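Data first, discussion second: the structure below is written as structure tokens.
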Amino acid sequence: MIPVKTIEWVGDAHGCARLIDQTLLPNEVRYLDVTDVATMWEAIKMLRVRGAPAIGVAAAFGMHIALRSAPSQSHAEFMTAVHEAKHYLDSSRPTAVNLFWATERITKLAANASSSSVQEIKASILREAQLVLDEDVAMCRAMGEFGATFIKDGDAWLTHCNAGALATAGVGTATAAFYVAQEQGRSFRVFADETRPLLQGARLTAWELQQAGVPVTVITDNMAATVMAQGKINGVIVGTDRLCANGDFANKIGTLGVAILAKEFGIPFYVAAPSSSIDLSLSNGSLIPIEERKAEEVSNGFGRRTAPEGVDIYNPAFDVTPHRYLTAIITERGVVRAPFEIGLREMLKT
Ligand code: MRU
């Protein structure tokens, strides 16, 4: 069912993180074996590994890679290296909270283990990173079970960007619903927004759904209003990079427009959010740091200049959708409906 292994650890503690280089898809399937932390930082920054949960897994393995040969004389000396590694990996991308959640998890593990030897702590870091991956697989599956209940025979669903297997270690967050519904024998179609400027919808979502045999139609982002107006869409499901306490959430640029359209056309709009993407420390979406990326992603898309030389370009990579546009939040523990803050806090209590 899962068409691809996005990220995995290969070998023992001296081994490598193997990830599919997503910048090359759909034209080439090539794996990158990461053995040093600078290469992991670059892979996250350049979107070779991307999508919030996959970034979290990559960062967890990145911590192990950074620390496996760190000084081992004392716990204090090792903790200096832990903080440096966290600080470095955290600087790769600002929006997906999974990155900070994963590096924090490893940092806390090391900090709380002062009675263990540094060698023991190093071994436990790799085990923890693998646990981050394993838990992600389980969370994806659970979100898929909940999400699939909304998909009926004959439906067509729209998604934006790639919140798929390629964005996680498992079956994806938003696309998990599609994979589980397919497994349960329902027939439906997915419309994938192309997702300018880096085309994660056309390059990645369309690729993985096609590999899995889920019928998929690619549209350019500016066609979403028309397909909705034509009555072709029964529901929308997207992923998130960070969902706040009140339910506001960041996702790939263009998600907000899709949410507004869905409301206008009376179409249910869901976000799939594993607990690793939920940031209850932020009360609302205005507090989410939004990554701005380089102008060339807009002006020199894929090998050719499409805007005049020297023209100003604005390239925010994410937008924030206010919770009022949400029908429900799909988490690995269940479906949360408004009022979201009460539901989210209740759900994350244990
Ligand atoms: O810039 P990207 O490709 O990392 O952006 C990814 C998204 O916006 C995804 O929708 C989000 O991370 C959720 S992935 C399950």
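As the structure is a prediction and not an experimental result, all values here were calculated from the model. Read the numbers this way: they start at 1 and go in the same order the structure lists the ligands and their atoms.
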Task: ligand 1 contact by Cys161, heavy-atom criterion under 4.0 angstrom - done: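 Cys161 counts as a contact of ligand 1 under the 4.0 Å cut-off.
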Open item on the list: Tell me whether the rings of Trp41 and Tyr88 are parallel (<30°), tilted (30 to 60°) or perpendicular (>60°).
Closed with: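 Parallel: the ring planes of Trp41 and Tyr88 meet at under 30°.
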Enter the distance from [X]:[atom1] to [Y]:[atom2] here, rounded to the nearest 0.5 Å.
X	Y	atom1	atom2	answer
Asp193	Thr220	CG	OG1	8.5 Å
Arg293	Leu47	CZ	CG	4.5 Å
Met139	Asp134	CE	CG	10.5 Å

TODO: Apply ring pair (Phe, Tyr, Trp, His ring centres under 6.0 Å) to the pair Phe61 and Trp9, showing each step before the final yes or no.
DONE: CA-CA 8 Å; Phe61 286 139; Trp9 185 260; 5.3 Å; yes
Atom indices of ligand 1 within 4.0 angstrom of [X] heavy atoms, with elements:
X	answer
Ala163	14 (S), 15 (C)
Ala167	14 (S), 15 (C)
Ala52	12 (O), 14 (S)
Thr173	15 (C)
Phe318	1 (O), 5 (O), 8 (O)

Open item on the list: Any carboxylate oxygen within less than 4.0 angstrom of a Lys/Arg side-chain nitrogen, looking at Glu346 and Arg333?
Closed with: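 No, no charged N to carboxylate O under 4.0 Å.
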Open item on the list: Whether Arg242 and Asp279 form a salt bridge (side-chain N of Lys/Arg under 4.0 Å from carboxylate O of Asp/Glu) is what I want to check.
Closed with: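 Salt bridge flag = yes for Arg242 with Asp279.
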Open item on the list: To check you understand the geometry: which heavy-atom pair defines the closest contact between Phe100 and Arg93, and what is its length?
Closed with: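 That closest heavy-atom pairing would be CZ-O, 3.5 Å.
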Task: Gly15 versus Thr35, closest heavy-atom pair with distance - done: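 Heavy atoms of Gly15 and Thr35 come nearest at O-CG2, 4.4 Å.
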Shortest heavy-atom approach to [atom] - which of [options]:
atom	options	answer
atom 7 (C) of ligand 1	Leu198, Asp241, Leu204	Asp241
atom 13 (C) of ligand 1	Val238, Thr175, Thr240	Thr240
atom 4 (O) of ligand 1	Arg93, Arg293, Gln200	Arg93

[atom] - nearest protein heavy atom and its distance:
atom	result
atom 6 (C) of ligand 1	Arg50 NH2, 3.4 Å
atom 10 (O) of ligand 1	Asn251 OD1, 2.6 Å
atom 5 (O) of ligand 1	Lys252 CE, 3.3 Å

Open item on the list: Is the contact between Asn162 and ligand 1 made by the side chain, the backbone, both, or neither, using heavy atoms and a 4.0 Å cut-off?
Closed with: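 Just the backbone.
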Open item on the list: One residue to check: Pro53. Relative to ligand 1, which of side chain, backbone, both or neither has a non-hydrogen atom less than 4.0 Å away?
Closed with: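 It is the side chain that touches ligand 1; the backbone stays farther off.
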